[in-house]
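Read the structure below first, then the notes.
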Amino acid sequence: MKTHNRGKSGGVPDLLEIVKRGALVRRHRHFSDWRSISLVVLAVALVQCGVYVLVMLLAARSDWWNIARTCAGLALVPVAAGFLLVTMRQNQLPATSGAIAASVVFVFVVAVLSALRIPVSYTGFAWTFPVALIGMAYANLRLQRMKRGRVALLDHPGVGEARKVLGPAVPVITPDSPDAFDYDCVLIDPEAHHNPEWAQVMARFYMLGIEIAAWPKYAEGFLGRVAIEDFDLAHVAYTPTQIYYSKIKRAIDLAAVLVLAPVAVVVGALIWIYIRLIDGGPVFFVQLRRGYGGSVFRLYKFRTMRKGAGEAATQTDDARILPGCRILRQLRLDELPQLINIARGDMSWIGPRPVSVDIARKLERSVPQYINRQLVLPGLTGWAQVSHGYASNLDEERTKLEYDLYYVKNISFDLDLLILFKTVSTIMLRYKSK
């Protein structure tokens, strides 16, 4: 490889120019990152103020000057928290980081308002605090997913394999490329580029503030899936945070079931009566599914298809669907009985979607790695469901397995929260499109 030592005349910049350009790159990134969450920040500020004003109206408060000043302080919470998140840039736990940033700023704002002796309502703060937490957690999840910037792949002998995985959207560059030092992130090969020959080039990227990442790791995070042939149980090294979350996840599942049970019982009873009236019994669809550790359990759903409909995959405008039950499927209300499965410990709210025993056996025979998705409890919704959707053949099942293995490897509260957001978004979009 050539030794590059050119200054302002062209090619690789000298140290002074590197420092100057690095500062410009960082400022541009912050502005771009802020724009990506600005609408979420605005929405959080407006909702917080709306909730606080509503609480004041219910309390018959009419000191609007004090209410306005308090709302102004509350509006600063998502703005300041957003700037903190943009400055931190990289977060291993984006939802947690967003909630912590919102909590710190919220406490500071409340302290300042109290110190200024502005008559505030702590009941109002109690109702607005969750809005700030959830809103900024979502904002940071969105930020981490969107702020990849311009990415390029550094040339090396095995670049063909990387291009096949990353696709044509990621260009290949060399240190002599005209725009080699204008990217936000440069992907390297963990073996080819970790040697003294490339040390100067790596140093220049670093000094310019350009992120350097191994292309296999970037591909996993960018695509949200793990190549089946590259997955190894030795790679599943959970952090203490992941271990603690796995231990309390069962408690979270049960708490959510208890909270939703009153509403679920009422809605479920109405659905039960409706199906009985239009098509008689049985009301429930029961099927054996593959569960945790290869176990088998009985999964419950409301029957939304005519009797004797068979087990063929559901098609668009499927005539087998009972009248009025299409909306139940779109809103996932047909899966309400699975709260029983969650309460019994057969399932979790979030995890790889359980498949029938027959399909599981076929896949286990053809794809040996398929059993690894059974390392965690199956879920009502999962990463593969929101990232890929339903599978109708073996190739699609293999693709879904890649998403499931990514979940097994990266299980965390933050990933579960992202899946929850994407599930709600998918259901709403599907409903609106009909």
side-chain contact (heavy atoms from CB on, under 4.5 Å) assessment of F106 paired with Q48: CA-CA 11 Å; F106 194 95; Q48 277 194 120; 3.7 Å; yes
Find the distance between [atom1] ([X]) and [atom2] ([Y]) and round it off to the nearest 0.5 Å.
X	Y	atom1	atom2	answer
I188	Y218	CD1	OH	14.5 Å
R250	L254	CZ	CG	4.0 Å
L153	W215	CG	CH2	8.5 Å
R373	E402	CZ	CD	13.0 Å
H193	W198	NE2	CH2	4.0 Å
I37	Y138	CD1	OH	11.5 Å

Quick check: does any side chain N or O of [X] sit under 3.5 Å from a backbone N or O of [Y], one acting as donor and the other as acceptor?
X	Y	result
R289	P354	yes
T423	I419	yes
N66	P119	no
H194	P190	yes
S387	W383	yes
E220	V226	no

Ion pair E397/K400, N-O distance below 4.0 Å: no
Charged N to carboxylate O below 4.0 Å: is that the case for R353 and D404? no
Does [X] reach the side chain of [Y], with side-chain heavy atoms less than 4.5 Å apart?
X	Y	value
T241	S412	no
R225	T399	yes
E364	R290	yes
F129	L133	yes
K249	L377	no
F108	L76	no
L322	T304	no
N341	Q338	yes

Carefully, step by step, assess E335 and R329 under the rule salt bridge (Lys or Arg N to Asp or Glu O under 4.0 Å). CA-CA 8 Å; E335 297 180 358; R329 299 170 66 93; over 6 Å; no
Give the C-alpha distance, both sets of side-chain angles, the deciding distance and a yes or no for side chain to side chain donor-acceptor pair (under 3.5 Å) between Y183 and S177. CA-CA 11 Å; Y183 288 90; S177 300; over 6 Å; no
Locate the shortest heavy-atom distance separating [X] from [Y]; write the atom from each residue and the value.
X	Y	value
L375	V408	CD1-CG1, 3.9 Å
I427	R332	CD1-CG, 3.5 Å
A132	V44	CA-CG1, 4.2 Å
A102	V77	O-CG1, 4.0 Å
Y52	C71	CD2-SG, 4.1 Å
A139	V40	CB-CG1, 3.7 Å

Under 6.0 Å from the [atom1] atom of [X], do we count more than 12 heavy atoms belonging to anything else shown?
X	atom1	value
F413	CZ	no
E396	CD	yes
R398	CZ	no
L39	CG	no
W64	CH2	yes
R298	CZ	no

Between F83 and W34, what is the ring plane arrangement, given parallel below 30°, perpendicular above 60°, and tilted in between? parallel
Any idea how F284 and F302 line up, ring-wise: parallel (<30°), tilted (30 to 60°), or perpendicular (>60°)? parallel
Begin from the C-alpha positions of D334 and K301 and carry the test salt bridge (Lys or Arg N to Asp or Glu O under 4.0 Å) through to its verdict. CA-CA 6 Å; D334 60 321; K301 297 177 66 173; 3.7 Å; yes
Step by step, work out the side-chain contact (heavy atoms from CB on, under 4.5 Å) result for C185 and R150. CA-CA 6 Å; C185 178; R150 298 185 64 206; over 6 Å; no
Test side chain to side chain donor-acceptor pair (under 3.5 Å) on D414 and T96; report intermediate values, then the result. CA-CA 7 Å; D414 295 73; T96 303; 3.1 Å; yes
Please list every donor-acceptor pair under 3.5 Å in which a side-chain atom of residues 272-279 meets a protein atom from a residue at least two apart or in another chain.
unit_1	atom_1	unit_2	atom_2	d
Y274	OH	P323	O	2.7
D279	OD2	R303	NH1	2.7
D279	OD2	R303	NH2	3.2

Near-ring test Y292/F297, centroid separation under 6.0 angstrom: no
Should L223 and V165 be marked as a side-chain contact (heavy atoms from CB on, under 4.5 Å) after you check the CA-CA gap, both sets of side-chain angles, and the distance that decides it? CA-CA 9 Å; L223 299 173; V165 175; 4.2 Å; yes
Derivation and outcome, side-chain contact (heavy atoms from CB on, under 4.5 Å), residues V386 and Y403: CA-CA 10 Å; V386 299; Y403 288 106; over 6 Å; no
